Amino acid sequence: MPELPEVETVRRGLTNLVKNAVINSVEVRYLKMVSPESPLFEQALQGKTIERIDRRGKYLLFRFNDHLTMVSHLRMEGKYDVQPEGSVVTKHTHVIFHLSDGRELRYTDTRKFGRMRLINTGDESVIPGLKAMGPEPTEKTLKLDYMKKIFRKSHRTIKPFLLDQSKIAGLGNIYVDETLWLSQINPLQQTDELPDEKIADLRDAIIDEIGIAIKGHGTTVHSFSTAFGEAGNFQNHLHVYGKQGEPCERCGTTIEKIKVAQRGTHFCPHCQPIIGDK
DNA sequence: TCCGTATCCTGAACGC
DNA sequence: TGCGTTCAGGATACGG
């Protein structure tokens with residue numbers, strides 16, 4: 001499941017492979033995946049050059065000439081890869097971009113959750129998720145004062161709060177569980193009852209963890225691989241995600257898995273206590 | 001306005 | 001062995 005580090009890895013790989021490639025034609029095989037509706041989507045991209053690929057949170061932004069941008073979200077299992085024309089197309093390939101050099105940029109997505117939307121470059125705010133996107137989790141962009149402010153203002157359970165892209169960009173289920181374990185915060189913790197020093201610990205953990213994951217080309221949980229010959233190896237660093245029933249690395253207590261806000265949540269009941277009255 | 005929940009979608013894992 | 005059920009989850013629409 002691609003989170004920010006995986007999407008960044010995909011962005012870099014795709015940039016190497018298809019920057020300056022020209023699109024001859026587009027084939028949409030699953031109509032709900034794109035907007036505007038077919039055939040407008042295909043027609044708009046015909047003859048366009050991929051000038052650059054940007055990223056914001058978990059969104060990929062393909063920048064074409066003529067002020068055209070394709071906003072692409074991989075959701076759970078979306079993947080891009082580049083294949084020679086005529087090679088076997090799998091049943092989960094839903095969009096094919098035929099390039100002028102004889103290659104094909106293909107989008108494959110088992111669960112069909114991914115979406116692509118064409119907009120005018122500069123109109124990113126028409127995508128609600130992009131408009132409300134919180135700061136990127138880096139030392140420069142995720143300020144401690146901002147973190148304190150949003151934590152104080154909200155009275156929410158921390159797990160869904162951190163998954164909310166409008167608060168901090170790019171965190172998904174794996175990294176939220178991992179960073180909460182690292183900073184020893186319970187996933188059921190109320191945001192407004194978390195002390196300042198724990199907010200600082202959490203900020204450090206988020207920035208470190210995302211940074212390490214980007215260097216390691218992302219996680220490889222379930223289906224994720226970069227499709228560019230570099231499988232993610234961050235899974236080797238996971239401490240709690242998927243470790244239910246195993247001893248906590250820090251204290252030996254058995255890691256538990258519970259549901260929080262519909263999401264599978266892994267934590268150590270001993271070294272991640274709830275702070276406050278709850 | 002804020003927050004929680006159902007929904008989309010398919011394959012793997014599980015239970016009988 | 002084979003069938004039916006449950007689970008996984010990011011963003012979003014919707015309701016309280």
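All figures in this text were calculated on a predicted structure; none of them were measured in a lab.
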Is there a side-chain polar atom (N or O) of [X] under 4.0 Å from OP1 or OP2 of [N]?
{"X": "A:K259", "N": "C:dA8", "answer": "yes"}
{"X": "A:Y241", "N": "C:dG9", "answer": "yes"}
{"X": "A:Q165", "N": "C:dA11", "answer": "yes"}
{"X": "A:K131", "N": "C:dT12", "answer": "no"}

Tabulate protein N/O versus nucleotide N/O from nucleotides 6-9 of chain B, keeping only pairs under 3.5 Å, one per line.
unit_1 : atom_1 : unit_2 : atom_2 : d
B:dA6  : N7     : A:Q262 : NE2    : 3.3
B:dC9  : OP1    : A:Y30  : OH     : 2.8
B:dC9  : OP1    : A:K32  : NZ     : 2.5
B:dC9  : O4'    : A:R111 : O      : 3.4

Rounded to whole Å, please give me the gap between [atom1] in [X] and [atom2] in [N].
{"X": "A:L171", "N": "C:dG10", "atom1": "CG", "atom2": "P", "result": "11 Å"}
{"X": "A:L4", "N": "C:dG10", "atom1": "CG", "atom2": "C1'", "result": "14 Å"}
{"X": "A:M76", "N": "B:dA12", "atom1": "CE", "atom2": "P", "result": "15 Å"}
{"X": "A:L130", "N": "C:dG10", "atom1": "CG", "atom2": "P", "result": "17 Å"}
{"X": "A:I174", "N": "C:dG9", "atom1": "CD1", "atom2": "P", "result": "8 Å"}
{"X": "A:H92", "N": "B:dA12", "atom1": "NE2", "atom2": "C1'", "result": "12 Å"}
{"X": "A:E77", "N": "C:dG9", "atom1": "CD", "atom2": "P", "result": "11 Å"}
{"X": "A:Q190", "N": "B:dG4", "atom1": "CD", "atom2": "C1'", "result": "13 Å"}

- What pairs meet the ring pair (Phe, Tyr, Trp, His ring centres under 6.0 Å) rule with one or both residues in residues 112-142 of chain A, with sequence neighbours excluded? none
- A:Q165 (side chain) donor-acceptor with A:L163 (main chain) under 3.5 angstrom: yes
- Could you tell me whether the side chain of A:E51 and the main chain of A:R63 form a donor-acceptor pair under 3.5 Å? no
Salt bridge (Lys or Arg N to Asp or Glu O under 4.0 Å) partners for [X], two or more places apart:
{"X": "A:E136", "result": "A:R55, A:R56"}
{"X": "A:E246", "result": "none"}
{"X": "A:D208", "result": "none"}

- Message: Starting the side chain at C-beta, find the nucleotide from C:dG10, B:dC2, B:dG4 nearest to A:K153.
- Response: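 Comparing C:dG10, B:dC2, B:dG4 against the side chain of A:K153, the answer is B:dC2.
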- State which of C:dA8, C:dG10, C:dT12 makes the closest approach to the side chain of A:H73.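 Ranking C:dA8, C:dG10, C:dT12 by closest atom to the A:H73 side chain puts C:dG10 first.
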- Task: Inspect the contact between A:E77 and A:K79 and indicate whether a charged nitrogen and a carboxylate oxygen are less than 4.0 angstrom apart.
- Result: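 The answer is no: the pair does not qualify as a salt bridge.
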- Task: Flag the pair A:R203 and A:D145 as a salt bridge only when some basic side-chain nitrogen lies within less than 4.0 angstrom of an acidic carboxylate oxygen.
- Result: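 No, no charged N to carboxylate O under 4.0 Å.
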- Message: Under a 3.5 Å threshold, yes or no: a donor from one side chain and an acceptor from the other, between A:Y107 and A:S72?
- Response: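 On atom types as modelled, these side chains do not qualify, holding no pair under 3.5 Å.
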- Message: Can you confirm whether the side chains of A:H94 and A:D109 place a donor and an acceptor under 3.5 Å from each other?
- Response: no
- Would you classify A:F161 as touching base, sugar-phosphate or nothing, given that sugar-phosphate means primed atoms plus P, OP1 and OP2, and contacts are heavy atoms under 4.0 Å?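 Nothing, no heavy atom under 4.0 Å.
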- Intra- and interstrand pairs of DNA chain B - dot-bracket, Watson-Crick/G-U under 3.5 Å, | marks other strand: .|||||||||||||||
